[in-house]
Amino acid sequence: MNQPVFRAPKGTFDFVPPRGEAILAVRDAMTEPLRHAGYGYIETPSFEETALFARGVGESTDIVTKEMYTFTTRGGDDVTLRPEGTAPVLRAALENGLHRGALPVKLWYSGSYYRYERPQKGRYRHFSQVGAEVLGAEDPAIDAELIVLAMDAYRALGLTGVRVVVNSLGSDESRPAYRAALQEYLRRLDLDEDTAKRVEINPLRVLDDKRPEVQAALAEAPLMSEFLSDSDRAHHDTVRALLSDAGVPFDDDPRLVRGLDYYTRTLFEFVHSGIGAAQSAVGGGGRYDGLSELIGGPRLPGVGWALGADRTLLAMEAEGLTLPGRTGVDVFAVPLGDDAAQRLFGVVTALRREGVRADIAVGGRGLKGAMKAADRSGARIAIVLGERDLAENVAQMKDLESGEQLAIPLGDVISQARDRLASLE
Ligand code: AMP
């Protein structure tokens, strides 16, 4: 076979059927609990002014320093394909004045994100997320609500191996003291140049270093939990209590940090062991009470998450779950001859308009080829129309499972097909 001339760019891939339907079903399952809980849909552009991410995500993060698809437009604007959804959604909420209406504002979104990562299983340069953000509420009940809604989505997909890990990063009241203590500890370690630089810019990120020797050196590092102010601790305890009440088990991880700078207080990650060593997170999020001010807005507390659709599908495959999302049809029409084709085209159109999933053999294939196509289509019923049937004004309705066949008046095909399908359900 000839090699195709064009391939999907490195780190990207296509979803083709039936996996195409599966990824759609995954996204639907993730958004369902949100819609059910009164969240409104928001859609923002796939690219933004680069400065939004530089300021919003953090100048020293891997995302901003290494992973952004940034370019200058013909008009000289500096723009970036969105690497994440929170900063754009907050930008849009502020621009559209949503924060001046009734609070909290609860939003959900779904779309493509772009990061120039080193591609591997579960880590791509183009991936999709479903996200949720709640703006204008400091109440820990919102943090817990979001975690519960995500866990409900994973459960609805049949996943049993998703765990949620929680931590508190503290607020402005407690983080500066912790940061200083952590810095003091880290400065005493023998670290490589890059890591030593990170200690000065963003010491918390060092906790996220996956190298075993760094993790070992961190064994005695001070923990945020030892520095939480009373109100930060009360916030975190309420989140944990509400999760317990909701029957959502969670693990505390006092070292959990995430690759974006904007988090305060509640931080959480949804993890699954079936995807690959380097990327166990199927989703994550947290509170970002200072982000609005960071991007030039008023004080506006917020909390949100993003769930990775691609990785969630991988987790489902790892658990051996039947992929969600139906392909195929229920009725397959097989015309034999041009007149029959014309007649059945109308019948299939009417079936589809009536809400019946229907398809038709095309290209004037013989009976054998067309019946093969009928089998492949997943249909339960075939409607076969030959020259003689047409002359007698009947069609053959064939049950593709039992092989049973019945002549029915052509004018009754639609109603009889519907009745038969209903009786098979
Ligand atoms: P983050 O914004 O990094 O917290 O990402 C949220 C979720 O999106 C992660 O938990 C992953 O499931 C997914 N995700 C992030 N980056 C990638 C990537 N490069 N490829 C595939 N999924 C990703």
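Order of appearance sets the numbers: ligands from 1, and atoms from 1 within every ligand.
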Original post:
Below 3.5 angstrom, do we get any N/O pair linking Ala281 and ligand 1?
Top reply: yes
Original post:
Between Asp143 and His235, do the side chains contain an N or O donor and an N or O acceptor separated by less than 3.5 Å?
Top reply: yes
Subject >> Gln342 CD: over 12 foreign heavy atoms closer than 6.0 Å >> reply: no
**OP:** Could you tell me whether the side chains of Arg91 and Thr44 share a donor-acceptor contact shorter than 3.5 Å?
**Re:** no
Original post:
Have Asp232 and Ser174 got a donor and an acceptor in their side chains that come within less than 3.5 Å?
Top reply: yes
Original post:
Hey, are Asp252 and Arg240 close enough for a salt bridge, meaning a charged N less than 4.0 Å from a carboxylate O?
Top reply: yes
**OP:** Would you mind telling me if ligand 1 is within reach of the side chain of Arg258, the backbone, both or neither, using heavy atoms under 4.0 Å?
**Re:** side chain
Original post:
Do Phe268 and Phe270 have their ring centres less than 6.0 Å from each other?
Top reply: yes
Subject >> For Ala306, atoms of ligand 1 separated by under 4.0 Å from a heavy atom >> reply: 6 (C), 7 (C)
Original post:
What atoms in ligand 1 come closer than 4.0 Å to a heavy atom of Phe127?
Top reply: 14 (N), 15 (C), 16 (N), 17 (C), 18 (C), 19 (N), 20 (N), 21 (C), 22 (N), 23 (C)
**OP:** Would you mind checking which non-hydrogen protein atom is closest to atom 20 (N) of ligand 1, with the distance to 0.1 Å?
**Re:** Tyr124 N, 2.9 Å
Original post:
What atoms of ligand 1 come within less than 4.0 Å of a heavy atom belonging to Gly283?
Top reply: 10 (O), 12 (O)
**OP:** Would you mind finding which of Gly11, Gly122, Gly308 brings a heavy atom closest to atom 21 (C) of ligand 1?
**Re:** Gly122
Subject >> Option with minimal heavy-atom separation from atom 2 (O) of ligand 1, where the choices are Lys121, Arg115, Glu84 >> reply: Arg115
Original post:
What atoms of ligand 1 come closer than 4.0 angstrom to any heavy atom of Gln129?
Top reply: 2 (O), 5 (O), 6 (C), 7 (C), 8 (O)
Original post:
Under 4.0 angstrom from ligand 1, any heavy atom of Asp310?
Top reply: no
Original post:
Given Glu200 and Arg187, is the salt bridge (charged side-chain N to carboxylate O under 4.0 Å, His left out) satisfied, shown in steps?
Top reply: CA-CA 9 Å; Glu200 300 312 316; Arg187 281 181 192 136; 2.9 Å; yes
